[in-house]
Protein chains: 2
Amino acid sequence: MVKLRDIAQQTGYSISTVSKALSGKGRMSDETRKNILSVAKNLGYTPDFYAKSMASKTKTFVLGLIVPDITNPFFAYLTRGVERACGETCLLMLMDSFRSLHREEQLIRAARFYGVNGVIVGNSRVNDELIDEISKYVPVVIFDKECKCDNVVSIVVDNYYGAYLATKHLVENGCKHIIHFGGTQELYVSLQRAQGYEAAIKESGLKSHIVRVGYTFDDGYKAAKKLLNERNQFDGAFCMNDLVALGVMKALKEEGKKVPEDVAVVGFDDDKQLCEVTVPSLSSVRQPVEMMGETAGKMLLELINGQSNTKKVIFSPSLVVRDSSARR
Amino acid sequence: MVKLRDIAQQTGYSISTVSKALSGKGRMSDETRKNILSVAKNLGYTPDFYAKSMASKTKTFVLGLIVPDITNPFFAYLTRGVERACGETCLLMLMDSFRSLHREEQLIRAARFYGVNGVIVGNSRVNDELIDEISKYVPVVIFDKECKCDNVVSIVVDNYYGAYLATKHLVENGCKHIIHFGGTQELYVSLQRAQGYEAAIKESGLKSHIVRVGYTFDDGYKAAKKLLNERNQFDGAFCMNDLVALGVMKALKEEGKKVPEDVAVVGFDDDKQLCEVTVPSLSSVRQPVEMMGETAGKMLLELINGQSNTKKVIFSPSLVVRDSSARR
DNA sequence: TCAATTCTTGAAAATGATTGCAAATAGATA
DNA sequence: TATCTATTTGCAATCATTTTCAAGAATTGA
């Protein structure tokens, strides 16, 4: 491990001169600097991060981002947003809890020991106590959850509004029987979306019909299959997420229904890899994930710098209309 | 920021005693320890990570994983594999270079200062010099690249064989005119796949037809569209990756060709989110990504522990047959 | 009561860098 | 030659912690 001392010995200069030569701060003859620089390069010198950030009081920021499942595109794009907020000024440490509560707790605790100056927790099931505890030591930004703690900023999406938008869109496209293929009841997100759906339905004088399905392709497929076999008539489907929507579409196709002519379908999440690639392409409610990530990063940096002006940021989703619901 | 000195002043003990009390290492009276601990808690003391890890030269057992694009499912699953190798014994630090060469270099250099004991570099474009340099200080595992350096293990996939498998499968399903929708020529991976395709074609006495396309959905779509408009006849398509395959399928559908009846299609990468979700579901060549990640993690741990027995690990891909190529 | 032993505690060096200030050197001017 | 200025360089303190070693206090046994 090459240190300043080694370079000093090689060149015959003092440690401080070497330091100044490398940082470009001190004044010295060109010859000296050139000499030192070349020796440093030869020896393959790299500054010790810890020593450096201890000696100079300029903090090098490391932001920690904890996600439940990195293979989920939602979190992948979230990551990208945070990264953008980091820019060149700080590094991002991404930790995947793999949906394990235990691991998530472990990671949250570990974060503050690994030189992390702040933590972003994406969509966590961790109990509030842990967040409270950790936020005493390290600023925290958290998704889809609120916290009274000083050091915490919440970032949420208006799921209600997104569901409302999607349903309204189906109504405006002439759908008369719109089924909501929803998630399980425990999840707050599911509840919000179901309520948004109901509001739009009621407003339009239609009858609401909610099926509790789940979150996977299979969940959507099976539920739709069952409904169709039971001769349930419907001409619109607002689905919990894109995967469910695709499952529904597959069932429809198998049963000889055309999308969007017979049944219009809208998903949620707007996973582009999925929505734009299928035939027909899938309409979906888009959350501005990347921007949310960027905002999270910015908020966290503000918190770290002690300028926490905001407690909560709410994002509005928008509707992306593609072929699966374009009836006209 | 509360430091040891503050606790020392409050309690009247020396800094070193305080340090020992907190770390639990030194021997001292219970009273002293209890006293120090409570004051530390009151003041909300948190150890300075930098000072700590500078003073104690202890290993942290954090593995660094650098990927070019975390939104790419391939790397997301790779990550999952590495995580599995980590288990409970070490933590994973994931860094995304966002396909920026500059950032990748920055990350590789930075890695060894963040308490990272080893680095896994996924699919890097970084020049070998940097790898050589960094591997002097920290063990490295690298994908799709080889390196003579002592501290480096390479992990590669037999792309040639994968392409061969896919093409052979099309032949066995009765295809007579199989087109390869390939990637650009620069990429080593593209070249290997094209060669595997050619070998299988030659072996079967058919005529090879390679179209240099690219890597995106649009690339596949446009190329297929063009071929069909030019009245090029083909009944089989082996594509560079799944996205290209889906593009080709969309073009086929638009031109009234049925998959797999008129044209059988096979992709590469076996991105499940894509392959299983489309209609028809897409046959694809599967790389054992997750296992590759796990192996990478294990290799790295071995390197760290100084038992580097292996220099290179080659993985065999396999073919996953789904509806898009199932003719019988 | 004295020596031996154990327990508790603190002084000080080390970690690898930064940085203000002083010293040394060189060149220029009187 | 002495003085002054500008330039170049290095000393030493600092950062927050760990850790070794030794000193001092308390306890034990004879």
- Message: Measuring from the side chain of B/Tyr13 (C-beta onward, heavy atoms only), which nucleotide among D/dT19, D/dT17, C/dG10 has the closest atom?
- Response: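 Nearest listed nucleotide: C/dG10.
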Within the structure, does a side-chain N or O atom of [X] lie under 4.0 Å from either OP1 or OP2 of [N]?
X       : N      : answer
B/Ser19 : D/dT18 : yes
A/Tyr45 : C/dG16 : no
A/Lys3  : C/dG16 : yes
B/Arg27 : C/dT8  : no

Please state how far atom [atom1] in [X] lies from atom [atom2] in [N], giving the value in whole angstrom units.
X       : N      : atom1 : atom2 : answer
A/Leu22 : C/dG16 : CG    : C1'   : 13 Å
B/Lys25 : C/dG10 : NZ    : P     : 19 Å
B/Leu4  : C/dG10 : CG    : C1'   : 14 Å
B/Arg5  : C/dG10 : CZ    : P     : 16 Å
B/Met28 : D/dA25 : CE    : P     : 18 Å
B/Arg33 : C/dT8  : CZ    : P     : 10 Å
A/Glu31 : D/dT9  : CD    : P     : 9 Å
A/Ile15 : D/dC11 : CD1   : C1'   : 11 Å

- Item | Any side-chain heavy-atom pair of B/Ile155 and B/Phe315 under 4.5 Å |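 In short, these two side chains touch, coming nearer than 4.5 Å.
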- Are side-chain N/O atoms of B/Thr32 and B/Ser29 paired as donor and acceptor at under 3.5 Å?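 The answer is yes; a qualifying pair exists.
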- Any donor-acceptor N/O pair under 3.5 Å between C/dA11 base and B/Ser16 side chain: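 Checked by distance alone, the answer is yes.
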- Record whether the side chain of A/Lys20 comes under 3.5 Å of the base of C/dG20 through a donor-acceptor pair of N or O atoms.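 When only heavy-atom distances are counted, A/Lys20 does reach the base of C/dG20 through a donor-acceptor pair under 3.5 Å.
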- Where A/Val157 and A/Gln192 come nearest, the two heavy atoms and their spacing: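 That closest heavy-atom pairing would be O-OE1, 4.5 Å.
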- For residues B/Gly297 and B/Ala85, report the shortest heavy-atom separation together with the two atoms involved.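 Shortest heavy-atom separation between B/Gly297 and B/Ala85 comes out as CA-CB, 3.7 Å.
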- Nearest nucleotide by nearest heavy atom, which residue falls closer to the 5' end of DNA chain C, B/Ser29 or A/Thr17?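 Result: B/Ser29.
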- Message: Check whether A/Asp96 reaches the backbone of A/Ile70 with its side chain - one donor and one acceptor, N or O, closer than 3.5 Å.
- Response: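 Yes; judged by distance alone, with no hydrogens or angles, the pair exists.
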- Message: Classify B/Thr32 by what it touches in the nucleic acid, base, sugar-phosphate, or nothing, heavy-atom distance under 4.0 Å.
- Response: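 If one applies the 4.0 Å heavy-atom cut-off, B/Thr32 turns out to touch the sugar-phosphate alone, with no base involved.
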